[in-house]
Amino acid sequence: MTHEPPDDEYSIHWIRDVVDKVAERNVEEYRISSGKSVSGSIHLGFMRELVICDVIMRELRERGLKSCTLFIVDDFDPLRSLPGSSSLSLDEWAGIPYSDVPDEFGCCQSYGEHHANELIETFPEFGVDPEVIWHHKLYETPEMKQAVRTCLLNTDTIREILIEYVARDFNDEQQKEYIESIRSWYPATVVCPDCGRLQSGAKGEIVPNRVTNYDAEKDMVSFNCPACGHANTLPLDSIRVKLSWRVDWPAKWHVLDVTCEPAGKDHAVKGGSYDSGLEISRRVFGWEGPVKVPFEWVRIGGRDMSSSEGIVFIPKRWSAIAPPELYRFIMLKTDLNRAINIMPEKVPDMTDEFERLERTYYGIDAESAIDDELARLLYPLCLSGAVPEEFTPNIPFKFAIVMSQLESVIGSDMVMSRSEYAIQRQYSLESVSAESRRNIRRRLDRALKWVQEFGSNRDRVDVPDLVPSSIIETLTELDIRFLQGFLEKLRAEEMDDETLQSAVFGIARELGLKEKRAFVVLYRILISRKSGPRLAPFINMLGRDWVIRRITDALELVG
RNA sequence: GGGCUCGUGGCGCAGACAGGUAGCGCAGCAGGCUUUUAACCUGAUGGCCGCGGGUUCAAAUCCCGCCGAGCCCGCCA
């Protein structure tokens with residue numbers, strides 16, 4: 001039996017499914033949120049969450065719905081550890097909110113702001129534009145104060161929920177212990193007015209400065225700071241209070257009226273903080289809470305990215321070596337529950353793949369392995385800005401790898417004009433647009449950085465100023481005659497890649513020189529190696545005049 | 001101990017929710033008008049679909065068990 005594939009039962013892409021679900025909320029404005037603790041540099045993986053938020057927003061707008069994105073900088077969290085590179089003292093700053101810790105680099109208001117800004121600066125390139133909300137400032141608003149009050153008033157309910165969600169997989173003894181430990185627990189901590197700490201101790205031995213009592217009638221909060229010993233009972237309005245983990249999140253959802261928030265797998269697991277947060281939304285704040293969109297993590301080169309341990313690979317570093325649109329493409333094409341392992345050394349190949357999508361979108365490739373409808377959906381979502389009316393050609397990344405390394409040899413003007421010429425030939429263009437020229441420039445810059453950081457030895461091209469005498473000495477009588485013949489040919493006429501490649505073979509054969517040897521000789525003269533980039537295009541990149549001079553110089557050295 | 005996700009040619013992945021001859025990219029291999037070189041084009045090769053069992057005329061796909069990898073599950077975030 002055969003199946004007619006039902007058209008609308010299963011969607012072509014996860015974005016459609018997610019947006020369908022979000023749109024069901026039927027609200028006036030769809031608010032898509034994300035948040036990040038600023039314990040250090042925010043790595044490239046977090047950008048996945050921002051991109052997910054962004055495409056949900058874009059698709060909602062596409063459907064004529066009002067939508068925005070939010071990015072909450074969790075800078076009111078207490079500092080627990082410092083990266084090894086930091087000059088700050090952990091003893092001095094542990095337990096203090098990131099917004100109160102100074103910026104050791106001196107350029108921002110605080111430790112938290114510094115790391116947040118490092119990320120925020122890359123937003124335009126990556127095509128995201130969320131409203132930035134500073135957690136510590138949010139806590140100063142009357143709405144958030146009221147939410148804190150609501151949580152304190154509903155402490156019993158919150159305790160019940162936590163026992164239900166956190167302790168459900170415990171054995172009897174663990175359960176008893178947990179219930180006991182939470183008996184006099186309040187869902188909030190206090191910034192000590194004396195020492196400025198939310199908690200004492202660093203990672204592993206933390207004791208929070210927890211609210212020890214809340215007098216609802218007088219709206220008074222008691223605490224007993226474990227860091228400095230200061231104990232007091234003060235009006236809620238007069239002190240800085242922060243809600244606990246698992247409670248803070250639903251309070252923010254409520255105050256900011258969040259419709260949807262994606263969550264990494266650590267938070268999104270069944271019974272995890274997201275689920276308990278939804279339960280708190282229902283039973284404490286009286287609404288259903290946001291639409292949960294779980295997603296897997298991003299790894300780089302097979303290793304986890306983590307601010308505290310592992311490798312630091314920040315978005316800025318990505319945009320220095322690869323197009324941000326490519327990052328968005330990788331995020332969008334991969335299913336949400338798949339971990340993404342980014343391999344920087346594959347950037348050239350991945351860029352090619354992305355450009356296949358681009359050409360499919362513009363209908364330039366006659367046949368394409370990429371589905372038309374998928375290209376129509378995905379390509380615009382990959383771009384950081386509006387989709388240009390017409391295809392804007394660029395040089396292939398792999399061409400740029402070689403070309404960009406020649407700047408120091410032939411100068412950047414030559415590199416640009418030869419790159420433009422390559423595009424003109426490839427797409428049969430009369431002229432190259434200003435936009436294309438900007439693209440070329442960007443690509444050359446990225447290709448050069450890429451090859452320096454991630455290129456293999458084969459990718460690296462190093463043209464020495466002079467041909468070393470050690471190489472001159474290896475030239476035989478026949479080699480020299482070949483070089484003379486090739487020089488003549490070069491002087492005689494401008495040749496395209498194919499003609500030039502043939503000329504090498506032709507001249508070598510005429511003289512009875514082994515073809516392979518001819519190539520070795522030329523590569524040695526040019527780059528002191530016995531092989532290199534495909535020869536004729538490489539010579540044309542360097543330019544006829546330059547190569548003529550090079551060979552002439554070499555022949556002079558022979559004497 | 002409990003839970004979630006993943007396991008498909010050398011590498012990275014699609015196909016699994018609707019069971020019916022196993023696809024793509026990269027690498028490798030062979031070719032591109034008597035011209036091997038690493039922008040480009042063409043072609044062929046390469047897979048007990050983690051293992052075992054079950055359902056079915058038919059299983060990569062559905063069900064059960066096992067193995068392996070990753071992650072989450074006290075406080076704190």
Check: Starting at CZ of A:Arg80 and ending at P of B:rA77, how long is that distance when rounded to a whole Å?
Finding: 8 Å
Checklist line | Counterpart base for B:rC33, defined by Watson-Crick or G-U wobble contacts under 3.5 Å | finding: none
Item checked: Interatomic distance at C1', B:rG15 relative to B:rG28, whole Å -> 25 Å
Notebook entry, point to check: When rounded to the nearest Å, what value does the distance between C1' atoms of B:rG20 and B:rC67 take?
Noted result: 30 Å
Checklist line | Inter-nucleotide C1' distance (B:rC29, B:rU61), Å rounded | finding: 33 Å
Notebook entry, point to check: Just how far, in rounded Å, is P of B:rG74 from CD of A:Glu164?
Noted result: 17 Å
Checklist line | Options B:rU5, B:rG74, B:rA39, nucleotide nearest the side-chain atoms of A:Pro537 | finding: B:rA39
Check: Among the nucleotides B:rC71, B:rA77, B:rC26, which one has an atom lying closest to any side-chain atom of A:Trp297?
Finding: B:rC71
Next item on the list: Could you please name the partner base of B:rU56, counting Watson-Crick and G-U wobble pairs only when both distances are under 3.5 Å?
Entry: none
Item checked: Nucleotide of B:rU5, B:rA39, B:rA77 approaching A:Asp77 most closely (side-chain heavy atoms) -> B:rA77
Check: Does A:Asp335 or A:Lys398 map to a spot on RNA chain B nearer the 5' end, using the closest nucleotide for each?
Finding: A:Asp335
Next item on the list: Among B:rC75, B:rA77, B:rU5, find the nucleotide with the atom closest to the side chain of A:Val166.
Entry: B:rC75
Check: Distance between the C1' atoms of B:rG9 and B:rG25, in whole angstroms?
Finding: 13 Å
Note to self: I want to verify a distance call: between B:rU36, B:rA77, B:rC13, whose nearest atom is closest to the A:Arg338 side chain?
What the structure shows: B:rC13
Note to self: In whole Å, measure the gap between the P atoms of B:rC66 and B:rC57 for me.
What the structure shows: 28 Å
Next item on the list: Can you figure out which of B:rC72, B:rA77, B:rG25 approaches the side chain of A:Arg356 most closely?
Entry: B:rG25
Check: In whole Å, what is the span from the CD1 atom of A:Ile539 to the P atom of B:rA38?
Finding: 15 Å
Next item on the list: For B:rC4, give its Watson-Crick or G-U wobble partner with both distances under 3.5 Å, or none.
Entry: B:rG70
Checklist line | Any A:Tyr274 side-chain N or O less than 4.0 Å from OP1/OP2 of B:rC72 | finding: no
Notebook entry, point to check: Taking atom P of B:rC71 as reference, at what distance in whole Å does atom CG of A:Leu336 sit?
Noted result: 20 Å
Next item on the list: Would you classify A:Lys333 as touching base, sugar-phosphate or nothing, given that sugar-phosphate means primed atoms plus P, OP1 and OP2, and contacts are heavy atoms under 4.0 Å?
Entry: nothing
Next item on the list: Round to the nearest Å and state the distance from A:Glu355 atom CD to B:rG25 atom C1'.
Entry: 15 Å
Margin query: Taking pairing as Watson-Crick or G-U wobble with both contacts under 3.5 Å, can you name the mate of B:rG46, or confirm there isn't one?
Written below: none
Checklist line | For B:rG19, the Watson-Crick or wobble counterpart (both distances under 3.5 Å) | finding: none
Item checked: Short side-chain donor-acceptor distance under 3.5 Å, A:Glu113 and A:Trp134 -> no
Note to self: Using a 6.0 Å distance limit plus a 45 degree cone around the ring axis, check whether A:Arg159 lies over the aromatic ring of A:Tyr186.
What the structure shows: yes
Notebook entry, point to check: Which word best sums up how the rings of A:Phe71 and A:Phe46 line up, parallel for under 30°, tilted for 30 to 60°, or perpendicular for over 60°?
Noted result: tilted
Item checked: Ring centre gap for A:Trp93 and A:Tyr111 strictly below 6.0 Å -> no
Check: Want to settle it: does A:Tyr178 or A:Ile340 sit nearer the 5' end of RNA chain B, counting the closest nucleotide to each?
Finding: A:Ile340
Check: In terms of side-chain geometry, is the basic nitrogen of A:Glu164 or A:Arg246 positioned less than 4.0 Å from the acidic oxygen of its partner?
Finding: no
Next item on the list: Can you tell me the distance, in whole Å, between the CZ atom of A:Phe295 and the P atom of B:rC72?
Entry: 14 Å
Note to self: As a test of reading the structure: which of B:rA39, B:rU5, B:rC26 is closest to the side chain of A:Lys346, going by heavy atoms?
What the structure shows: B:rC26
Note to self: What's A:Gly506 touching, base or sugar-phosphate or nothing? Going by heavy atoms closer than 4.0 Å.
What the structure shows: nothing
Check: Expressed as a whole number of Å, how far does the P atom of B:rC48 sit from that of B:rA60?
Finding: 13 Å
Notebook entry, point to check: Below 4.0 angstrom, N of the basic side chain to O of the carboxylate: do A:Lys292 and A:Glu261 qualify?
Noted result: no
Note to self: Both distances below 3.5 Å, Watson-Crick or wobble geometry, any strand: find the nucleotide opposite B:rC11.
What the structure shows: B:rG25
Checklist line | Whole angstrom value for the distance that separates P of B:rC40 from CD of A:Gln501 | finding: 14 Å
Next item on the list: Compare the minimum distances between each of B:rA39, B:rC72, B:rC26 and the side chain of A:Phe399, then state the nucleotide with the smallest one.
Entry: B:rA39
Check: Picking from B:rA77, B:rC40, B:rU36, which would you name as closest to the side chain of A:Asp352?
Finding: B:rC40
Notebook entry, point to check: Between A:Trp14 and A:Phe295, does the ring centre distance come in under 6.0 Å?
Noted result: no
Margin query: If I pick the C1' atom on B:rU36 and the same atom on B:rG31, what distance separates them, to the nearest angstrom?
Written below: 10 Å
Checklist line | Separation of the P atoms in B:rG46 and B:rA58, to the nearest angstrom | finding: 28 Å
Next item on the list: Would you mind reading off the distance between A:Ile401 atom CD1 and B:rA39 atom C1', rounded to a whole angstrom?
Entry: 10 Å
Checklist line | A:Met495 CE: over 12 foreign heavy atoms closer than 6.0 Å | finding: yes
